[in-house]
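Reviewing the structure listed below.
Atom set for the values below is all heavy atoms of this structure, side chains included, hydrogens, waters and symmetry mates excluded. Naming convention: chains lettered A, B, ... in sequence-line order (proteins, then strands); numbering from 1 in each chain.
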Number of protein chains: 2
Amino acid sequence: MTASERTGGSEPRGQGSRDGILRAAMQLFAERGFQETSVARVAQAAGVSKALVFWHFRNKEELFAAVIDRLLEPYILDVSGQDEALDERAQLNHLVVSYLKFVQENAASVRFFLQQLLRGQRTPASLSAQIMKLYAGYRDLLVDLIARAQQKRRDMRAIAPETAATFLMWALNGILVGLLFTGNGIAEPQSAVSVLDKWLFDAGLEDDSLSPSAD
Amino acid sequence: MTASERTGGSEPRGQGSRDGILRAAMQLFAERGFQETSVARVAQAAGVSKALVFWHFRNKEELFAAVIDRLLEPYILDVSGQDEALDERAQLNHLVVSYLKFVQENAASVRFFLQQLLRGQRTPASLSAQIMKLYAGYRDLLVDLIARAQQKRRDMRAIAPETAATFLMWALNGILVGLLFTGNGIAEPQSAVSVLDKWLFDAGLEDDSLSPSAD
DNA sequence: TGGTTTATTGACCGCTGGGTTAGGCGCTCG
DNA sequence: CGAGCGCCTAACCCAGCGGTCAATAAACCA
């Protein structure tokens with residue numbers, strides 16, 4: 001089960017192996033971290049000699065950077081899906097659902113990036129910057145949507161959009177932490193959405209749809 | 001500045017060095033992680049030979065476990081401070097403030113434990129268990145307080161205590177993440193408390209005390 | 001065809017890591 | 001006093017690390 005013929009061997013020989021190395025490295029780095037993963041191990045997992053890894057990538061750090069770039073690929077803010085026809089409440093819900101779905105689907109890499117971020121100064125500044133940009137982008141979207149919703153609707157909490165967005169981000173980050181820790185997440189992501197939705201919109205209504213043992 | 005005469009050399013020679021090693025290891029593990037910290041470096045920081053480290057601790061893992069035990073010491077839920085005379089709202093606020101204060105004061109070790117937890121299976125199960133227990137204890141306290149408050153007061157959100165507690169924990173965890181990432185925290189922990197307090201108690205009031213750029 | 005380039009390898013190197021060992025110093029107790 | 005024990009060290013061991021290199025096979029181009 002050498003990874004080299006994953007694509008059927010149809011590639012120009014060179015890029016096939018590079019890709020295999022990258023894939024192996026992606027998985028190993030994500031599940032064991034940078035220090036705990038040796039280049040030899042990556043090479044072995046890719047079914048290739050260690051020297052070849054150093055032929056494709058100048059050194060381990062460069063391989064790591066390439067892996068990060070790859071892992072970041074799915075992290076584009078898909079705003080295109082924001083249907084202008086939907087009302088703001090639906091769009092907000094959609095945004096929250098997207099977030100939760102994304103985190104659940106990419107749990108491994110989210111966990112990985114969180115770990116990197118937690119390492120503080122000793123992590124490449126560019127990575128932190130990239131993630132922070134994503135974060136800020138998402139938050140701006142929230143602020144914008146909440147502000148627009150408040151202009152149109154009267155049944156909302158009277159609260160500055162920035163404050164509401166900050167609060168929402170807290171909740172989302174908290175849920176994220178819960179998801180990552182307790183392994184495989186809250187039973188019903190939908191229940192989280194409904195709590196947040198009700199917080200923003202139906203400040204006074206009662207609702208117990210959230211499972212009490214959700215932690 | 002060898003750490004050996006930290007206590008003035010009054011200890012029975014043996015435990016003094018053990019303590020010095022433990023302290024040095026504590027700091028180094030917390031700020032650089034397990035893999036990135038060599039035993040030699042710990043020994044050097046403790047002003048002691050590497051062999052002595054292995055005399056006190058069978059191997060690096062055991063040293064690590066001892067460090068974790070030490071780091072966990074301040075993590076006791078101080079419920080004694082819960083003044084029965086205070087009303088539930090004040091107690092809840094106090095609980096939240098304590099949480100935030102604790103996280104801010106112990107940021108280094110909190111970050112460290114979070115990192116450990118994120119490593120999933122490859123982290124000692126006992127550590128996860130200990131932290132989970134603390135987490136559950138805190139949450140139980142919240143549930144209890146909220147339930148008691150709801151029985152006494154009428155100005156609260158109509159929401160199941162478990163749901164409210166879960167939501168609160170989300171927010172707290174989210175704030176924690178924010179604190180740990182953006183380095184040195186939100187400017188005013190008090191503003192976070194007030195937002196959460198208002199959420200629980202004054203569902204309809206307006207308040208903008210939270211700085212918009214709090215992320 | 002033969003030379004150049006592109007991929008690939010096994011063997012190697014220097015160094016650092018965790019861990020061991022043999023021995024030394026000072027205290028205590030019979 | 002000297003045997004034994006607790007504490008401590010310098011020196012060593014060696015597996016595994018990141019990284020290099022000379023050799024070589026295949027692909028490409030003249």
Side-chain angles (χ1 to χ4, degrees), chain A residues 1-29 31-68 122-124, chain B residues 1-29 31-68 122-124:
Chain A
M1 67 162 214
T2 60
S4 37
E5 60 268 344
R6 177 190 45 273
T7 52
S10 67
E11 301 194 5
R13 192 165 96 105
Q15 295 316 299
S17 72
R18 188 192 153 96
D19 208 68
I21 292 169
L22 223 37
R23 281 182 199 240
M26 236 169 73
Q27 180 173 346
L28 288 174
F29 280 146
E31 77 186 26
R32 309 175 95 91
F34 180 73
Q35 295 278 350
E36 289 93 329
T37 305
S38 72
V39 177
R41 191 100 168 53
V42 170
Q44 181 199 340
V48 111
S49 79
K50 188 177 59 155
L52 186 57
V53 176
F54 285 104
W55 187 84
H56 279 298
F57 307 91
R58 204 166 309 139
N59 50 39
K60 197 186 176 186
E61 302 256 354
E62 197 177 290
L63 170 62
F64 188 62
V67 164
I68 283 181
R122 288 172 358 276
T123 214
Chain B
M1 68 169 219
T2 60
S4 36
E5 59 267 343
R6 177 191 45 271
T7 52
S10 67
E11 301 194 5
R13 193 165 92 106
Q15 294 317 300
S17 72
R18 187 192 155 96
D19 209 68
I21 292 168
L22 222 38
R23 283 182 196 241
M26 235 169 72
Q27 180 173 346
L28 288 174
F29 280 148
E31 77 187 26
R32 310 174 92 88
F34 179 73
Q35 293 280 347
E36 288 94 329
T37 305
S38 71
V39 177
R41 189 101 171 51
V42 170
Q44 181 198 341
V48 111
S49 80
K50 188 175 62 152
L52 186 57
V53 176
F54 285 103
W55 188 84
H56 280 298
F57 307 91
R58 204 165 309 138
N59 50 38
K60 196 186 176 187
E61 303 257 351
E62 197 177 290
L63 170 62
F64 188 62
V67 164
I68 283 180
R122 287 171 359 277
T123 216

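Interatomic distance, CD of A/Q35 versus CZ of B/R32, reported as 10.5 Å (0.5 Å rounding). A distance of 4.5 Å separates CZ in B/F29 from CG in B/L63, rounded to the nearest 0.5 Å.
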inquiry  = Determine whether B/M26 and B/L22 satisfy the following criterion, side-chain contact (heavy atoms from CB on, under 4.5 Å), listing intermediate values before the conclusion.
reply    = CA-CA 6 Å; B/M26 235 169 72; B/L22 222 38; 5.8 Å; no

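For the pair B/S17 and D/dC7, the criterion of a side-chain N or O lying under 4.0 Å from OP1 or OP2 is not met.
With sequence neighbours excluded, no residue satisfies side chain to side chain donor-acceptor pair (under 3.5 Å) with A/E31.
The CZ-P distance, from A/F57 to D/dG18, rounds to 15 Å in whole Å. Atom CZ in B/F64 sits roughly 16 Å away from atom C1' in C/dG18 (whole-Å rounding). In this entry the distance linking CD of A/E62 with P of D/dT20 reads 12 Å, nearest Å. Between B/D19 atom CG and D/dC8 atom P the separation is 12 Å, expressed in whole Å. Atom CG in B/L63 sits roughly 10 Å away from atom P in C/dG19 (whole-Å rounding). Between the NZ atom of A/K60 and the P atom of D/dT20 there is a distance of 15 Å, rounded to whole Å. A/H56 places its NE2 atom 16 Å from the P atom of D/dG19, with the value rounded to the nearest Å. What separates CZ of B/R32 from C1' of C/dG17 is a distance of 15 Å, to the nearest Å.
In this structure the side chain of A/K60 reaches within 4.5 angstrom of the side chain of A/F34, judged on heavy atoms.
Dense packing is recorded around CD of B/E62, with more than 12 heavy atoms of other residues, nucleotides or ligands lying under 6.0 Å away.
Within residues 48-55 of chain B, the residues having any heavy atom closer than 4.0 Å to DNA chain C are, in order of number, B/K50, B/A51, B/F54.
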